[in-house]
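Note sheet for the following structure.
In what follows, chains carry the letters A, B, and so on, assigned in the order in which the sequence lines appear, proteins first and then strands, with residues in each chain numbered from 1.
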Amino acid sequence: MNVYQVFKIVLGLVMSFFILFFLVNYAGIYSEIQEDTQRMMIISNFRKAVQDVYLTGNSVTFDDFSRLDFNIVYNGLVDPPVIRSGTGQTIIRTPMVFVPGEEVMIQREDLNFGWWKFGFVEALPEMTVLFNPMDTGVESRNIMKSIVGLFPDTTGRTPRIQFGFCDGNTIKKPCDSGNSFCESYSFMSRIDSYTTPASKCTANLGTGYRLVTLHASCPSGMVQKGVCIVPRLPGAGYGYAYLNGSTEFRLYKNPLDLFALTVGDGSNIYGPVADNLYHNVNNAFTKELLLMSEIVSQRSKLVSSKLPISDEKGECGTYYSALWAALDMMPSITSADGYYNDPAKVSELVTELNNAYSAYQDLVNLGCEYSVI
Amino acid sequence: MLEYVLLMVFVVAVIFSIMIFLTWWQITQLSVEKTNQQQERVLSFIKSFIESPYMTKENSIFDDGKLTALAMIPDSCEKLRGVYGDDWHAEIMLMDGKPLRECGQMTYPDGSQSCNYWSICPKQTAKGKITQIVPVNVYRRIGYVLNVTNHVLPRTYLGTLNVTMYV
């Protein structure tokens, strides 16, 4: 073998190495770009699915998140709200309670305030919600029903969202003669039959469980996992809830607040998921409330100034005045950041929402207005 | 030696061709996806609009009172853009065969001089735009149908929603 042949072999090896290195490098980059593109398309499809459910009210199962590894975080506190995955982010304007998972059930729910319905979408993975009713009074049962009422019934579908009880170290499966957890519809009827107060839940719960405790002693931090709810006093417009043994309260004024505190589990870059969801839903609620109240107030003033002669008794006008008086209070009540966790502000808000509800129902009963459906 | 060099040049040329093709394919796909998304955005926007609680009485029926109230709120466009995104303009007009008359405080339904047109957010000057027109219903709180007891009854009119998205 002469020097020239050795030179050819070395040159061939060097060239081959460079070409191979270049190809592997390019393939790696190309594959990463492809995966990122697919991730963004999946998130875009998710956004579309959420919007379709919001507009049509037909629930769907979305399982594209199982195709690739995702590290998704939904941030509803920025304007506009975004879903972040890696370095990319997608705007998603639909009011939403989103708990990431490989397969999520997307469903629309509404809160009806008489003059306005606040619609939102919930996107939930498989989970089992366990109630620990240490208090079994009427208000506690109403709280359980209001929370369960916001969950989808997943009978014959996936992902399954089921319900049961926890009593001491026992997890109780109330359906099929105590052999299985219940779906939301069947669980509703089991709530009223649970009349003996349970002991504090000490069962070892895995990641798929959400624990909801009902007891007056929540402020002492007695429950280390899940949400602990203090039943509302009769006539009170709001109540107190505590997360993961914290002594810091979160106020609830409607079932959506409780729902957000219930479904969140674990933490992400923004902190405890349940806490994020609570702030997210209140942010979306406030934004829509402010715009809707301004429009409906303005509309009431406009319509009442042009009432036909048929309103000769002036009844419509009186109730329109009551309606816009309540609605015009909304900007001042909600002006402070985090007003939804201030008892005085929330009390005022609930009072004015009730006043607006009554005034609008009177308008409907008098034939001056249409029912919000 | 020359045949090795030629072979090498050929191999490198093939590799580069494949790379250029793949990159071009990726860019083309993204471009097609962008166009599809723009079309989808317009349709989604229309769907959101005709079911918006801010403007409708119920799904697919606009409320003339809410539309006029929006026209009277000074910064309503900014607030709606916070909900529906930027870069759009919408017009709703009744198909009543009368000259267009924009609704506001002074022109809100009032006998034969009734208004019949709402413009939401100003038009913009942009390079590209996509426009869609769809038929809609408009509920008029103070209508012009008198029943036997001389009560003025509400009425639902046919109109069009004209949406322009700027891209």
Select one option (side chain, backbone, both, neither) describing which atoms of B/M55 are under 4.5 Å from chain A's heavy atoms. neither
Pick one of side chain, backbone, both or neither for B/L67, based on which atoms fall under 4.5 Å of a heavy atom in chain A. neither
Can A/E294 and B/K79 be counted as an ion pair, charged N to O under 4.0 angstrom? yes
Check each atom of A/S300 against the heavy atoms of chain B and say whether the ones under 4.5 Å are side chain, backbone, both or neither. neither
Could you check whether B/D63 and B/T56, counting side-chain N and O atoms only, form a donor-acceptor pair closer than 3.5 Å? no
Under 4.5 Å to a heavy atom of chain A? For B/L22 that would be both
Let me know if A/L55 has heavy atoms under 4.5 Å from chain B in its side chain, its backbone, both or neither. both
Find out whether the Lys NZ or Arg CZ of B/K129 is both under 6.0 angstrom from the six-membered ring centre of B/Y166 and within 45° of the ring's axis. no
By a 4.5 Å heavy-atom criterion (distance strictly below it), what part of B/Q26 contacts chain A: side chain, backbone, both, or neither? side chain
With under 30° as parallel and over 60° as perpendicular, where do the rings of A/F21 and A/F17 fit, or are they tilted in between? parallel
B/T23 portion near chain A, given a 4.5 angstrom heavy-atom threshold: both
Heavy-atom pairs under 4.5 Å with chain B, option from A/E288, A/K301, A/M15 with the top count: A/E288
Counting heavy-atom pairs under 4.5 Å to chain B, which of A/D79, A/L23, A/L290, A/V372 comes out on top? A/L23
Quick one: which of A/M41, A/K48, A/E369 has the most heavy-atom pairs under 4.5 Å with chain B, could you say? A/K48
If I measure from the heavy atoms of chain A, does B/V12 come under 4.5 Å with its side chain, its backbone, both, or neither? side chain
Pair B/F49 and B/F45, ring centroids less than 6.0 Å apart: yes
